[in-house]
Visitor: 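Okay, handing you the structure first.
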Amino acid sequence: MKQDRLEEFVRNHRDEFDFMSPSPDVWNRINQSVAPAKTVWFHARWIKVAAVVVVALCSSALVYQAIGPMGGNAPHAEVLDPEIRTLLEAEAFYAQQVNGKLEEIRKCYQMVPELQLEIEGDLQELESMYNELKKDLKDNMSNKNVIEAMIENNRYRLQVVDDVLAQIKC
């Protein structure tokens, strides 16, 4: 490779370029001009912290506004339609009842293993029907028949676990 003439000249005369060094006055002036930067950095740091706090507060306010105090869009639906409110209350009640009784049934799974497949299968089937009803309700929020069917599905789930509890003795 052919070297550049300037590069070759700099290499050969390197020592001649390094003979001068700045005076102490120059270094003092440089230090004085750098010292105020620390205070600017200190202020900039607090500004960054304040910006992060503002962004966190704003984003949490937006999330709270979007979700609402009870979570999801349910509080907005309650205000609009009392039937939706009734559905939500029924859904919460039946879910609590079914889960409590299902815990009692699950204690018996080791004694009666085939019970698990049967119960879980039936409840899974009811759950898939319920999800289909939810899709129908999303298409037409004011459909009383869909709301009644959803509540009836919850009642049927509770009836299934009640019947199982009545039949088994663990």
Side-chain angles (χ1 to χ4, degrees), residues 31-170:
N31 284 335
Q32 287 174 354
S33 67
V34 173
K38 290 183 180 179
T39 58
V40 171
W41 178 82
F42 179 74
H43 294 299
R45 180 173 162 226
W46 283 108
I47 290 172
K48 289 177 186 177
V49 169
V52 169
V53 169
V54 167
V55 168
L57 288 174
C58 289
S59 63
S60 63
L62 288 173
V63 168
Y64 180 78
Q65 185 180 13
I67 293 176
M70 307 248 321
N73 292 327
H76 304 295
E78 288 179 26
V79 173
L80 297 176
D81 193 356
E83 291 173 350
I84 299 295
R85 183 183 61 217
T86 303
L87 172 64
L88 293 173
E89 290 171 357
E91 188 177 61
F93 171 77
Y94 285 115
Q96 180 184 12
Q97 293 292 317
V98 168
N99 287 337
K101 293 180 180 188
L102 195 56
E103 286 301 317
E104 292 179 39
I105 294 172
R106 286 184 176 144
K107 293 176 185 174
C108 300
Y109 282 172
Q110 290 190 2
M111 293 175 57
V112 187
E114 63 273 359
L115 181 66
Q116 180 178 3
L117 292 174
E118 187 174 334
I119 296 298
E120 298 291 335
D122 290 346
L123 291 177
Q124 188 66 30
E125 185 177 329
L126 287 171
E127 181 72 25
S128 66
M129 288 180 198
Y130 192 80
N131 288 334
E132 289 296 319
L133 289 170
K134 274 186 177 181
K135 289 178 187 175
D136 292 344
L137 185 65
K138 195 178 283 187
D139 294 339
N140 186 3
M141 287 296 279
S142 62
N143 192 341
K144 291 181 182 181
N145 293 333
V146 174
I147 293 171
E148 289 173 9
M150 291 175 80
I151 293 173
E152 188 61 35
N153 182 290
N154 282 312
R155 284 187 192 133
Y156 191 66
R157 278 191 228 181
L158 183 59
Q159 185 63 45
V160 166
V161 293
D162 280 340
D163 289 347
V164 169
L165 278 175
Q167 291 176 9
I168 60 173
K169 297 190 177 26
C170 293

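Just so you know, these numbers come straight off a predicted model, no measurement behind them.
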Visitor: Among residues at least two apart in sequence or on other chains, which ones pass salt bridge (charged side-chain N to carboxylate O under 4.0 Å, His left out) with E152?
Guide: R155
Visitor: Going by the rule side-chain hydrogen bond (donor to acceptor under 3.5 Å, both in side chains), which residues pair with Y156 if we only count those two or more places apart in sequence or in a different chain?
Guide: none
Visitor: Which residues pass the salt bridge (charged side-chain N to carboxylate O under 4.0 Å, His left out) test with E89, not counting sequence neighbours?
Guide: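 Salt bridge (charged side-chain N to carboxylate O under 4.0 Å, His left out) check on E89 returns nothing, list empty.
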Visitor: List the residues meeting side-chain hydrogen bond (donor to acceptor under 3.5 Å, both in side chains) with N154, not counting sequence neighbours, and say none if there are none.
Guide: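 By the side-chain hydrogen bond (donor to acceptor under 3.5 Å, both in side chains) rule, N154 matches no residue at all.
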Visitor: If the condition is side chain to side chain contact (heavy atoms under 4.5 Å, CB included), which residues does N131 pass it with, not counting sequence neighbours?
Guide: E127, K134
Visitor: How far apart are the closest heavy atoms of A90 and I151, and which atoms are they?
Guide: CB-CG1, 4.1 Å
Visitor: Could you tell me if the side chain of E91 sits less than 4.5 Å from the side chain of Y130, heavy atoms only?
Guide: yes
Visitor: Check residues 96-103 and write down every donor-acceptor pair under 3.5 Å in which the side-chain atom is one partner and the other belongs to a residue at least two apart or another chain.
Guide:
residue, atom, partner, partner atom, Å
N99, ND2, A95, O, 3.1
K101, NZ, D162, OD1, 2.4
K101, NZ, D162, OD2, 3.4
E103, OE2, R106, NH1, 3.3

Visitor: For the residue pair N153 and L126, what are the closest heavy atoms and their distance?
Guide: ND2-O, 3.2 Å
Visitor: Once salt bridge (charged side-chain N to carboxylate O under 4.0 Å, His left out) is applied, do any residues pair with E148, and if so which ones, sequence neighbours excluded?
Guide: none
Visitor: Roughly how far apart are I147 CD1 and D136 CG, rounded to 0.5 Å?
Guide: 12.0 Å
Visitor: Going by the rule side chain to side chain contact (heavy atoms under 4.5 Å, CB included), which residues pair with A92 if we only count those two or more places apart in sequence or in a different chain?
Guide: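 In terms of side chain to side chain contact (heavy atoms under 4.5 Å, CB included), with neighbours along the sequence ignored, A92 is linked to no residue.
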